[in-house]
Structures are given as structure tokens and as C-alpha cells.
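To start, the structure itself, in C-alpha cells.
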Amino acid sequence: MANFSKPSVPRFSVDVYQNEYLPEGGREVNAIVTVTSTGGGTLAGATAAPRPAGPDAGAAVALMVDCSGSMDYPPTKMRNARDATAAAVDTLRDGVHFAVIGGTHVAKEVYPGGGRLAVADAGTREQAKQALRRLSAGGGTAIGTWLRLADRLLSSADVAIRHGILLTDGRNEHESPEDLKAALDACAGRFTCDARGVGTDWEVKEVTSIASALLGSADIVADPAGLAADFTRMMETAMGKEVADVALRVWTPVGTTIRFVKQVAPTVEELTGRRTEAGPRAGDYPTGSWGDESRDYHVCVEVPAAGLGQEMLAARVSLVVPQPDGSAQNLGAQGLVRAVWTDDMTASTSINPQVAHYTGQAELAQAIQEGLDLRKAGDIDGATAKLGRAVQLAGASGNADTAKLLAKVVDVVDAATGTVRLKAKVAEADEMTLETRSTKTVRVKK
């Protein structure tokens with residue numbers, strides 16, 4: 001069992017990487033903003049003295065376990081799910097509020113019950129594991145009901161960090177896509193959630209959409225035997241989170257337009273449409289909860305045309321935690337994005353290495369997703385072209401993990417030119433793994 005003490009509050013820093021020089025008439029400014037949080041979350045694998053239980057516990061976690069009828073095929077799937085959830089319960093830090101939810105076409109409280117959360121200690125962890133042993137499979141799948149119950153339970157705790165872990169093995173067949181989307185919209189910003197698909201009978205886009213909407217991670221566990229290790233890692237990461245609801249605040253001067261804001265490492269996540277206004281010419285983009293970690297964001301701004309020799313501040317990026325009263329706590333870190341117009345062709349035409357790298361990583365994710373969709377639709381030529389481009393981008397950027405996953409779906413003739421052939425037979429788990437992990441990126445060397 002890994003017990004975690006509560007770390008100190010992390011410190012944030014912001015670094016901006018860009019080529020600030022524009023040619024005469026140039027209007028598009030691109031920057032990679034690296035946000036780093038240090039000195040806070042517990043590093044994965046590190047252990048410390050148990051933290052006493054009490055009202056100051058800073059986190060609440062809801063574990064949502066698929067108990068639909070398909071979890072009994074094969075029977076080892078349900079057993080592995082029970083064992084994995086027990087392993088996650090063992091990883092809970094003393095004092096953390098928690099609940100276990102059994103999910104079918106309805107959501108049921110498995111532990112502690114009564115519309116409340118338990119507080120983790122040796123006794124409640126053991127009681128939760130006893131309750132898990134009674135879990136059995138039967139019924140349908142309506143994930144929106146699971147999420148809404150998790151939200152109700154998590155919101156009952158006066159804590160900073162609210163997190164969910166969701167496991168499913170099948171398609172969301174007992175509620176409409178609109179019902180699931182409504183549940184995600186209702187839960188967004190209220191808690192973060194990691195989602196996992198076990199086996200190969202679930203829908204990738206459903207699971208990834210849950211993680212995306214709730215600012216968590218998504219992955220496949222093709223072999224149920226791997227669930228316990230995966231759940232333990234997820235819970236260790238959740239226990240390391242110390243600051244919730246961090247937003248990237250982007251201020252721009254009069255005359256500028258934000259083209260897009262997206263997270264580009266460790267995964268590609270589009271944030272542009274999630275902006276909330278934060279005063280004159282400023283907007284907040286949600287990033288979720290933070291521990292000890294670093295992430296990269298691509299900010300693209302359109303500026304007014306200016307004459308040679310002129311310069312301007314194109315954007316100011318800071319980190320805030322929005323408060324219920326509409327104010328915001330500033331986390332004391334900011335970075336500046338600049339524009340300078342020059343007739344030096346060498347300066348104005350060079351692409352910043354970080355910007356180039358992550359533009360390629362975003363294109364890589366899109367090429368994989370489009371290629372797999374075309375393959376499913378029977379468009380062999382289109383799929384070959386897109387997945388060939390993905391192989392080329394993965395090789396050029398050093399994304400070895402993605403290159404290995406691509407090689408299970410296509411035969412690579414020449415990685416440098418993106419020449420590939422679609423494999424005649426592809427294991428369903430390999431295709432689903434590639435699709436689920438398509439947005440994972442590699443960091444650029446700085």
C-alpha cells in the first residue's frame with residue numbers, strides 16, 4: 001500500500017518560446033508557452049508518512065466501475081476490475097474523501113452509501129475492499145448516470161481537488177449521445193476524470209470525449225490483467241494534485257485576435273472553444289488540476305499590421321485560479337508574447353523549433369485520427385495517404401511510441417517519405433490503442 005502525505009503548495013513558472021520577428025505586413029504570431037509546477041505534488045512512486053485524517057483533507061475521489069453484463073465475458077474481466085479498484089483504494093492518502101460507484105444502466109453507490117463519502121484510513125479502505133468483493137455483473141451501460149452520481153458525491157466534500165476514475169468495457173448503449181454530452185457539460189469544471197476502456201468492445205471516441213471534457217487522461221487496457229497497475233498509477237497521480245481549476249489567462253491588446261489556444265504536451269487538447277471571458281480583452285482557458293509537472297501550450301495570435309522597426313506586446317499569459325465570486329487568484333507567473341517587424345529576411349522567416357515541433361505533433365494526431373476513420377469507411381487510398389503522413393511525422397519528430405503503434409496498423413516501406421501499405425489484418429486492440437493514444441506527444445528538446 002502506498003500512502004501519501006500532503007505536499008506543499010507548488011510554485012508555477014511560465015516560459016515563452018517564439019520567433020518574435022515578422023516580415024513587413026506579417027500578422028500571425030505563434031508561441032509555445034511552457035507551464036511548470038514544482039515543489040508541490042508527490043512524485044510518482046515516492047512515499048511519505050501517512051497524513052492524518054481530518055476536515056482539512058484536500059481531495060475527494062470517486063471510482064466508477066462498469067458492472068454491466070458484458071463485464072462477465074470473460075469472468076476474469078470483472079475480477080480484474082474489482083482487484084484494480086481495490087489497488088486504487090489502497091493508494092488513497094489518509095484523509096482523502098472517496099466513494100465507489102457501480103455503473104450499469106443506473107448508477108449505484110457501492111461504498112460507503114447513503115449519499116456520502118468515506119474518509120480514507122486503514123478501516124475504511126478495508127471496508128471498501130470488502131464491498132468490492134460483492135460486485136457482480138448485470139445490466140446495461142449509461143455512463144452519464146455514473147458521472148452525475150459522482151458529481152453529487154464529490155460536491156458534498158469541502159475540498160480543493162475533486163477527481164474521478166472511470167472504467168468501462170462497452171458502448172454507452174442505454175442512453176443517447178445527447179444524454180452523455182449533457183452529463184459531461186454539467187460536470188465540466190466541477191471535477192476532473194481519467195477514463196479507461198478495458199478489452200476491445202468499447203467506443204474510443206466515447207472514452208476519449210469523457211477524458212477531454214473533464215480534463216483527464218484516456219487510455220486502453222486491452223488485457224484486463226493490466227488494470228491493477230494502471231489504476232494504481234492513476235491514483236498516485238491524482239494524489240499528487242495540489243492546485244485545482246488552474247486557468248491559462250491570455251490578455252491581448254486592442255486590435256489583436258486569438259486564433260487558437262491548445263495544449264500540445266503531454267497530449268494535444270484543443271482549448272480555444274473553452275474560453276471564458278475574464279475582463280477587458282482577457283480570457284481564461286481551463287487546464288484542470290496540477291501537481292509536480294510541466295505542460296506546453298501553443299498560443300496563436302493575429303496582430304494588426306505594422307511598419308518595419310515597430311514592436312508590440314501581442315499577448316500576456318498568466319496563471320490564475322478563478323474564484324466563485326468572479327475574482328481570480330493569480331499564481332504569480334506570467335510570460336510575454338511579442339511581435340517585432342523587421343526587413344531581415346533570415347530573422348523573419350525562421351520558424352522557432354518548439355513551434356515547428358508541436359505544429360507537427362498536432363498534425364500527427366489529426367492524421368492518425370483521419371486515417372483510421374477513412375480505413376473504417378473503406379477508403380483505402382485516403383487511409384494510406386493519411387497514415388503514411390503520420391508515419392513520416394512520427395519519425396521526423398522522434399515520437400517513437402506512436403511510430404511503434406503505427407507499425408502495427410501499416411507496413412512501413414519508407415518512413416522518411418511516408419510510404420506505407422495498410423496491413424491486410426489488424427488486431428482490434430492495436431487499432432484501438434493507436435486511436436486512443438493518437439494525441440500523446442513527445443516533448444521538444446529545449
Side-chain angles (χ1 to χ4, degrees), residues 61-85 88 99-111 113-115 131-155 162-188 190-222 224 227 230-231 234 373 376 428-429 431-432 435-436:
V61 180
L63 290 144
M64 293 161 269
V65 186
D66 192 335
C67 296
S68 61
S70 57
M71 286 292 286
D72 244 353
Y73 301 96
T76 51
K77 198 190 289 182
M78 192 73 231
R79 186 169 69 245
N80 281 305
R82 286 193 295 262
D83 291 346
T85 308
V100 180
I101 293 167
T104 59
H105 52 285
V106 293
K108 295 180 180 177
E109 296 177 49
V110 174
Y111 182 82
L132 281 167
R133 293 189 184 109
R134 297 191 292 272
L135 277 187
S136 59
T141 305
I143 294 173
T145 66
W146 314 355
L147 293 166
R148 288 184 185 275
L149 176 56
D151 183 34
R152 287 197 298 275
L153 294 172
L154 291 170
S155 64
R162 295 182 178 88
H163 190 76
I165 290 177
L166 184 148
L167 171 72
T168 183
D169 83 320
R171 293 171 175 82
N172 198 44
E173 294 174 337
H174 292 83
E175 67 182 357
S176 69
E178 292 75 22
D179 287 340
L180 176 57
K181 185 178 186 308
L184 289 171
D185 289 344
C187 296
R190 294 174 60 79
F191 66 95
T192 54
C193 185
D194 295 320
R196 294 293 184 269
V198 60
T200 57
D201 293 328
W202 48 280
E203 183 64 46
V204 171
K205 287 181 173 59
E206 280 179 356
V207 169
T208 55
S209 71
I210 292 165
S212 176
L214 302 181
L215 297 172
S217 66
D219 207 351
I220 179 174
V221 186
L227 277 173
D230 186 71
F231 266 46
M234 273 195 291
D373 285 345
K376 289 172 191 170
E428 194 169 16
E431 183 176 2
M432 291 177 71
E435 185 176 1
T436 306

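Hydrogens, waters and symmetry mates are skipped; everything else that's a heavy atom, side chains included, is used. The shown structure was predicted, so the numbers you read here are calculated from the model rather than taken from an experiment. The first residue in the sequence is number 1, and the count goes up from there.
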Open item on the list: Tell me whether D83 is salt-bridged to R79, with the criterion being a basic N under 4.0 Å from an acidic carboxylate O.
Closed with: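 Looking at D83 and R79, the cut-off is not met.
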
Task: Salt bridge present between D72 and K77 (N-O < 4.0 angstrom) - done: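 Between K77 and D72 there is no salt bridge, as every charged N stays at least 4.0 Å from the carboxylate O atoms.
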
Inter-residue atom distance [X].[atom1] - [Y].[atom2], 0.5 Å rounding:
{"X": "D201", "Y": "R171", "atom1": "CG", "atom2": "CZ", "result": "6.5 Å"}
{"X": "R190", "Y": "R162", "atom1": "CZ", "atom2": "CZ", "result": "7.5 Å"}
{"X": "I143", "Y": "L184", "atom1": "CD1", "atom2": "CG", "result": "9.0 Å"}
{"X": "C193", "Y": "D151", "atom1": "SG", "atom2": "CG", "result": "11.0 Å"}

Task: side chain to side chain donor-acceptor pair (under 3.5 Å) partners of N172, counting only residues at least two apart - done: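 Residues passing side chain to side chain donor-acceptor pair (under 3.5 Å) with N172: E175.
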
Any [X] side-chain heavy atom under 4.5 Å of [Y] side chain:
{"X": "L214", "Y": "C187", "value": "yes"}
{"X": "I220", "Y": "W202", "value": "yes"}
{"X": "M78", "Y": "S136", "value": "no"}
{"X": "V207", "Y": "T436", "value": "no"}
{"X": "F231", "Y": "L167", "value": "yes"}

TODO: I would like to know whether R148 and T145 meet side chain to side chain contact (heavy atoms under 4.5 Å, CB included); could you show each step before the answer?
DONE: CA-CA 5 Å; R148 288 184 185 275; T145 66; 5.8 Å; no

Open item on the list: My understanding is that only residues two or more places apart in sequence, or in another chain, count here; which of them pass ring-ring contact (aromatic ring centres under 6.0 Å, His included) with Y111?
Closed with: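 Y111: ring-ring contact (aromatic ring centres under 6.0 Å, His included) contacts with F98.
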
Report yes or no: does [X] contribute a side-chain atom to a donor-acceptor pair with the main-chain N or O of [Y] at less than 3.5 Å?
{"X": "W146", "Y": "V65", "answer": "no"}
{"X": "S212", "Y": "T208", "answer": "no"}
{"X": "N80", "Y": "L227", "answer": "no"}

Non-hydrogen atoms of [X] and [Y] that approach each other most closely:
{"X": "A62", "Y": "I101", "answer": "CB-CD1, 4.5 Å"}
{"X": "S217", "Y": "A211", "answer": "O-CB, 3.4 Å"}
{"X": "A213", "Y": "A188", "answer": "O-CB, 3.9 Å"}
{"X": "A429", "Y": "A222", "answer": "CB-CB, 3.9 Å"}
{"X": "E109", "Y": "L149", "answer": "CG-CD2, 4.0 Å"}
{"X": "E431", "Y": "K376", "answer": "OE2-CE, 3.5 Å"}

Task: Between T141 and H174: side-chain donor-acceptor atoms closer than 3.5 Å - done: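 Distance-only check fails for T141 and H174.
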
Task: Residue pair T168 / R196, side-chain donor-acceptor N/O under 3.5 Å - done: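 On atom types as modelled, these side chains do not qualify, holding no pair under 3.5 Å.
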
- [ ] Tell me, with the steps shown, if V110 and T85 meet side chain to side chain contact (heavy atoms under 4.5 Å, CB included).
- [x] CA-CA 12 Å; V110 174; T85 308; over 6 Å; no

Open item on the list: Using the rule given for side chain to side chain contact (heavy atoms under 4.5 Å, CB included), can you reason through S68 versus E173, listing the C-alpha separation, both sets of side-chain angles and the distance that settles it, and then say yes or no?
Closed with: CA-CA 11 Å; S68 61; E173 294 174 337; over 6 Å; no

- [ ] Test side chain to side chain contact (heavy atoms under 4.5 Å, CB included) on F191 and L147 and set out the steps.
- [x] CA-CA 10 Å; F191 66 95; L147 293 166; 4.2 Å; yes

TODO: Decide if atom NZ of K181 counts as having more than 12 heavy atoms of other residues, nucleotides or ligands within a radius under 6.0 Å.
DONE: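 At most 12 heavy atoms, drawn from other residues, nucleotides or ligands, come within 6.0 Å of this atom.
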
